[in-house]
Amino acid sequence: MATFNELGLSPQMTRAISEMGFEEATPIQEKTIPLALQGSDIIGQAQTGTGKTAAFGIPVIERVDPTNPVIQALIMAPTRELAIQVAEEVGRLGSRSGVRVLPVYGGQEISRQIRALKNRPHIIIGTPGRLLDHIRRKTIRLQNVATVVLDEADEMLDMGFVEDIESILTEIPEERQSLFFSATMPPQIKRLTEKFLRNPQHVAIQAKEVTVPNISQYYMELQERQKFDVLCRLLDIDSPELAIVFGRTKRRVDELNDALNKRGYMAEGIHGDLSQRQRDVAMRKFREGQLEVLVATDVAARGLDVSGVTHVYNFDIPQDPESYVHRIGRTGRAGKTGSAVTFVTPRESDHRKIIEKVTKRQMDRRAIPSMVEAMEGKQRIALDRLVEVMEEGGLNDYQGMAEEVLNTYNSIDLVAAALKMLTKSTNSDVDIQLTAEAPVRSKKIKRRDSKPFGNGGGNRGRGGDRGGDRGGRSGGDRNRGGGSGDRNRSGGDRDRRPRTGGKPKQDR
Ligand SMILES: Nc1ncnc2c1ncn2[C@@H]1O[C@H](COP(=O)(O)OP(=O)(O)OP(=O)(O)O)[C@@H](O)[C@H]1O
Ligand SMILES: [Mg+2]
């Protein structure tokens, strides 16, 4: 790995990078930053959690002229949370360069964004729906944009977004630089990029596997009705620092979230039908470690970078291999280790094999843990806590009382009682009924067998009803020109029109 000093960056940038604690450039950064600084179009592909944000963020900032108060770069991301996160990272990277950065996304009051735009930001990070809204209102003008970035490019060029992206790109001068980044790049999307890029440099940090090697990957075969109890046992045994549980639909996420709370876990749900406030609260609590579990649809599958996520549980097997790669990539980031467990019902067994084939990585089978193991897990957590408190010290106020009580009682009994008290009560008598989800049907198509995420043929073969945040939405969310302009109120920018095959929706 190279140091950032070797990449030809400005002193302000090097300073900001070292203040962020980055010592060496990651491989994707090392390869793409010099190319991007020269002005090349780039398709950058590297595993989850390997620093793609800075790989595009650094050159974008370096190419901005801070003395010119116009929008010079546009970064697009598929979800609001990701837009916010990318804006934060780019803001930190640009903190010494005098560049102003602004995120714009649905669900936030547009008037607030319009006020913020008066500060003349240089770089906008936005979700496509809200960006289009600003373009129509002429509150954002893109005629001075020299660099455009698509983060999660394959997702952005997929069916639900591509028309919006095209409309936005027509607002940007043609002699622009385009940077497309993602951990996955299915062949047919890669082909589509030719339409938007000029002589792109393909930079693929393609390890043997598409997923990160430091994520242990397991699957567990079970019946749909066993899933919830097994999840609780896993949480007890694994005792994650932070965990994300992915469910297939919004209803699933709501029900799971309720059920986990009833069983005594600190959980919150996130999906596209929640208000932005609810989504923000859930994300903030999760980032601050006030939750143990974030329950999410695929709205949280891509790009989110929360340190401390040690475990990902696919309560429902993901619909396609890309989703699998991104979901499990929420753990094992920036060189850390992580663990992912995917629940597979008997009829989904073929689907698991397809995922394994595409990712070129086998998941290890993990046995269903017993209740006894779960209980032992909880007791172990209680013991760890007790020892932790003891090691922290500051026990003077209690020592007199401890000595006194030890005159009467046996020390083993006392410690056992303390442990019993500290062991989280199971609440396993709380009756939980989750609505069953139909198994994922594997489409038996030969897709991307040879070069799964690179060049070559292969059928996209994606169903019309992928993640729960997508299919079946009414048009309301995208109602252009609604009074407040806050058209994403009930959904995410992520929540796209139903995939009914290419036809423009009537409200467009
Ligand atoms: N050179 C570096 N040294 C140390 N940490 C870094 C470096 N570059 C990035 N990071 C940190 O690594 C983490 C992951 O980076 P980032 O979110 O950009 O990954 P990504 O490749 O975009 O992943 P995904 O495909 O999931 O979106 C972040 O917390 C980021 O701040
Ligand atoms: Mg990313």
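Bear in mind that the values here come from a model prediction, so they are computed numbers and not experimental data. Remember, it's 1-based here, ligands and their atoms both numbered in the order they're listed. Start at 1 with the first residue, then count along the sequence.
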Quiz item: Is there a donor-acceptor pair under 3.5 Å between the side chain of Arg63 and the backbone N or O of Leu37?
Solution: yes

Quiz prompt | Val344 side chain reached by Asn314 side chain, heavy atoms, under 4.5 Å | solution = no

Quiz item: Can Arg80 and Asp280 be counted as an ion pair, charged N to O under 4.0 angstrom?
Solution: no

Exercise. Please check if the side chain of Arg100 supplies one atom and the backbone of Pro69 the other of a donor-acceptor pair under 3.5 Å.
Key: no

Quiz item: Hey, which atoms in ligand 1 end up nearer than 4.0 Å to a heavy atom of Glu152?
Solution: 27 (O)

Practice problem: Sequence neighbours left out, what pairs pass side-chain hydrogen bond (donor to acceptor under 3.5 Å, both in side chains) with at least one residue falling in residues 49-62? | Solution: Ser10-Glu62

Quiz prompt | Electrostatic pair Glu348:Arg248 at N-O distance under 4.0 angstrom | solution = yes

Exercise. From the options Thr53, Thr26, Asp151, select the one whose nearest heavy atom is closest to atom 16 (P) of ligand 1.
Key: Thr53

Quiz item: Which bit of His326 gets closer than 4.0 Å to ligand 1, counting heavy atoms only: side chain, backbone, both or neither?
Solution: neither

Quiz item: Against heavy atoms of Arg330, which atoms of ligand 1 measure under 4.0 Å?
Solution: 26 (O)

Quiz item: Considering only the protein, which heavy-atom contact is closest to atom 27 (O) of ligand 1, and what is its distance?
Solution: Gly303 CA, 3.2 Å

Self-check item: Heavy-atom nearest neighbour in the protein, as seen from atom 21 (O) of ligand 1, with distance rounded to 0.1 Å
Solution: Lys52 NZ, 2.8 Å

Quiz item: Under a 4.0 Å heavy-atom limit, does Gln47 contact ligand 1 with its side chain, its backbone, both, or neither?
Solution: backbone

Quiz item: Does the N or O separation between Thr48 and ligand 1 drop below 3.5 Å for any pair?
Solution: no

Quiz item: Going by distance alone, is a donor N or O of one side chain under 3.5 Å from an acceptor N or O of the other, for Glu155 and Ser182?
Solution: no

Quiz item: Starting from atom 12 (O) of ligand 1, which protein heavy atom do you reach first, and at what distance in Å?
Solution: Ala334 CB, 3.5 Å

Self-check item: Side chain Thr139, main chain Ile114, donor-acceptor under 3.5 Å
Solution: no

Quiz item: Looking only at heavy atoms of Ala46, does any of them come nearer than 4.0 Å to an atom of ligand 1?
Solution: no

Quiz prompt | Within reach of ligand 1, part of Arg333 (heavy-atom separation under 4.0 Å) | solution = side chain

Quiz prompt | Contact partition for Met20 relative to ligand 1, non-hydrogen atoms under 4.0 Å | solution = neither

Quiz prompt | Contact atoms of ligand 1, heavy-atom distance to Glu24 under 4.0 Å | solution = 1 (N), 2 (C), 3 (N)

Quiz item: What atoms of ligand 1 come closer than 4.0 angstrom to any heavy atom of Glu89?
Solution: 30 (C), 31 (O)

Self-check item: Protein contact of atom 23 (O) of ligand 1 - nearest heavy atom, named by residue and atom, plus distance
Solution: Gly49 N, 2.7 Å

Exercise. Among all protein heavy atoms, pick the one closest to atom 28 (C) of ligand 1 and tell me residue, atom and distance.
Key: Asp305 OD2, 3.1 Å

Quiz item: Is any side-chain N of the basic residue among Lys195 and Glu166 closer than 4.0 Å to the acidic one's carboxylate O?
Solution: yes

Exercise. With heavy atoms of Thr50 as the reference, note each atom of ligand 1 found under 4.0 Å away.
Key: 19 (O), 20 (P), 21 (O)

Quiz item: Does Arg92 come within less than 4.0 Å of Glu89, counting only side-chain N to carboxylate O?
Solution: yes

Self-check item: Selection from Phe22, Phe181, Phe4, Phe56 by shortest heavy-atom distance to atom 3 (N) of ligand 1
Solution: Phe22

Quiz item: In the protein, which heavy atom is nearest to atom 8 (N) of ligand 1, and how far is it?
Solution: Gln29 NE2, 2.8 Å

Self-check item: side chain to side chain contact (heavy atoms under 4.5 Å, CB included) between Ile42 and Phe56, worked out
Solution: CA-CA 9 Å; Ile42 294 174; Phe56 60 72; over 6 Å; no

Exercise. Would you mind checking if Arg327 and Asp316 are paired as a salt bridge, meaning a charged N to carboxylate O distance below 4.0 Å?
Key: no

